[in-house]
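Residue numbers count from 1 along this sequence.
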Amino acid sequence: MRELQEIRPEIDAVDTRLVELFEKRMALCKEVAEYKIAAGKKVFDRKREEEKLCTLCAMAESEFSGHCITELFSQIMAMSRKMQYQMLAEQGILKEHGFTEIEVLPKDDICVVYQGVEGAYSHQAMRQFFGEEVKNFHVFSFRDAMEAIQKGKADYAVLPIENSSAGIVNDTYDLLVQYESYIVAETFVKAEHCLLGIKGAALSDIKTVYSHPQGLMQCSKYLEEHKDWIQRSDSNTAASAKKVVEDGDISQAAIASALAGELYGLQILAEKINYNTENTTRFIIVSKDKIYQKGAKKVSICFEVPHASGTLYNILSHIIFNNLNMTKIESRPIEGRNWEYRFFLDLEGNLGEFAVINALLGIAEEAIEFRILGNF
């Protein structure tokens, strides 16, 4: 057995040669890119790469070496593609993303739609972002809100997309794919649930509590202190408040926001009863127009990849290569295709930035389906 001091210089010599060969290969790849650009050919040739990897793998002396060589050259080819995408971007040969940059999001003479009823957290998010005087109306479902902006009945829709405790709102993610709609802004509403009763009611009068299932869950620790109360689910927190008012029953209470209590004329019997005082819901502002504000800092995209090993890694490598920060990734099942998924990803950046353009170009070229959902 040889000593490490004897082996390491040989490794260093091989590494030096590998660097020289790598740089020579990349120089040749640059020539290939120049030819492709001149001929109008696509950068990514999946069939050619697969054939090349099979040929290289067959040269290996063992199964383990074959696997390693496949992985090594997959990365080398990926780096070559990234260089070629940069060359395309530098020469202005890019797919137009179709988004228009604007200075400020229009908020005058507009109409906003939200799901739920007055006093719901969506209503609160709408007022928080657009102001109390904005023209607005509410609908029964998230889909109804999307339909409203598609048909021109509203300029913007306000939809919940994520809760810090309960996670993502699946329906909103699915609807973003189904409709030609785009995220133009976001706003955050902190959930501060109150126990609301009719005027003159006291805690000792309460026998039944109504709320959305999430509202009941988020206040479970408080409700455990009142085990004799019957818990009833409703479509949303504000609808529960409305029911208590309409029934006029002193034994009924609703778990909803202070705003709902104010709007429906209920009194607060207990404040901030949700156990997670930092519980926050993120709402998105959606438009049918492909616009983004100057200075927008977050890009949201969705894509599908081939159902094969390493495909998601290859997509994400474009973000790493361009020194971008991915802030979120989610997956949703693709309807009609068991065990296949669509990915939703947020990254920091602006559609006018070179690094973002380059990363999105690479993802668009290598994904099966790709969409920019918004820059906000």
task: Show your reasoning for whether side-chain contact (heavy atoms from CB on, under 4.5 Å) applies to F130 and N136.
output: CA-CA 10 Å; F130 290 102; N136 67 87; over 6 Å; no
task: Give a yes/no verdict on a cation-pi contact between K107 and F129, requiring under 6.0 Å between NZ or CZ and the six-membered ring centre and an angle within 45° of the axis.
output: yes
For the residue pair [X] and [Y], what are the closest heavy atoms and their distance?
X    : Y    : value
E186 : R282 : OE1-NH1, 2.8 Å
S240 : H212 : OG-N, 4.0 Å
G352 : Y292 : N-OH, 3.8 Å
Q115 : S141 : CG-C, 3.6 Å
V177 : C302 : CG2-SG, 4.2 Å

Indicate, with yes or no, if [Y] and [X] share a hydrophobic cluster defined by side-chain heavy-atom contacts under 4.5 Å among Ile, Leu, Val, Met, Phe, Trp and Tyr.
X    : Y    : value
V139 : V117 : no
L351 : L324 : yes
Y182 : V299 : yes
F321 : L360 : no

Heavy-atom distance under 4.5 Å between the side chains of [X] and [Y], does that happen here?
X    : Y    : answer
E10  : I7   : no
L223 : I255 : yes
V169 : T281 : no
L28  : E31  : yes
L345 : M326 : yes
T172 : V286 : no
Y179 : K288 : no
D155 : S287 : no

Under 6.0 Å from the [atom1] atom of [X], do we count more than 12 heavy atoms belonging to anything else shown?
X    : atom1 : answer
Q178 : CD    : yes
E20  : CD    : yes
E71  : CD    : no
K153 : NZ    : no
E6   : CD    : yes
D109 : CG    : no
R2   : CZ    : yes
Y313 : OH    : no

- request: Take the angle between the ring planes of F303 and F343 and call it parallel below 30°, perpendicular above 60°, tilted in between.
  value: parallel
- prompt: According to the interplanar angle, ranging from 0 to 90°, do the rings of Y222 and H226 count as parallel (below 30°), tilted (30 to 60°) or perpendicular (above 60°)?
  reply: tilted
Would you say [X]'s side chain and [Y]'s backbone share a donor-acceptor pair under 3.5 angstrom?
X    : Y    : result
N375 : G349 : yes
Q128 : F188 : yes
Q267 : G200 : yes
Y264 : K243 : no
S220 : L216 : no
S233 : P213 : no
W229 : I206 : yes
K290 : H97  : yes
D174 : D171 : no
T237 : A256 : no

Carboxylate-amine/guanidinium proximity below 4.0 Å for [X] and [Y]:
X    : Y    : value
E366 : R81  : yes
E147 : K151 : yes
R332 : E330 : no

Is there a donor in the side chain of [X] and an acceptor in the side chain of [Y], or the other way round, less than 3.5 Å apart?
X    : Y    : value
Q84  : S80  : yes
N279 : N274 : no
K328 : S300 : no
Q252 : R232 : no

message: Applying side-chain contact (heavy atoms from CB on, under 4.5 Å) to L361 and E365, what does each step give before you reach the verdict?
response: CA-CA 6 Å; L361 173 63; E365 286 290 313; 4.2 Å; yes
message: Return the CG to CD1 distance between N358 and I319, rounded to the nearest 0.5 Å.
response: 12.0 Å
query: Does the pair I291 and L105 meet the rule for a side-chain contact (heavy atoms from CB on, under 4.5 Å), with working shown?
result: CA-CA 9 Å; I291 56 176; L105 197 65; 4.0 Å; yes
- prompt: Could you go step by step and tell me if F73 and K52 meet the side-chain contact (heavy atoms from CB on, under 4.5 Å) rule?
  reply: CA-CA 9 Å; F73 277 90; K52 180 72 173 175; 5.9 Å; no
message: Checking F283 against Y114 for the ring pair (Phe, Tyr, Trp, His ring centres under 6.0 Å) test, could you report, in this order, the C-alpha distance in whole Å, the side-chain angles of both residues, the deciding distance, and whether it holds?
response: CA-CA 10 Å; F283 289 85; Y114 64 93; 9.9 Å; no
message: For H318 together with Y85, are the ring centres under 6.0 Å from each other?
response: yes
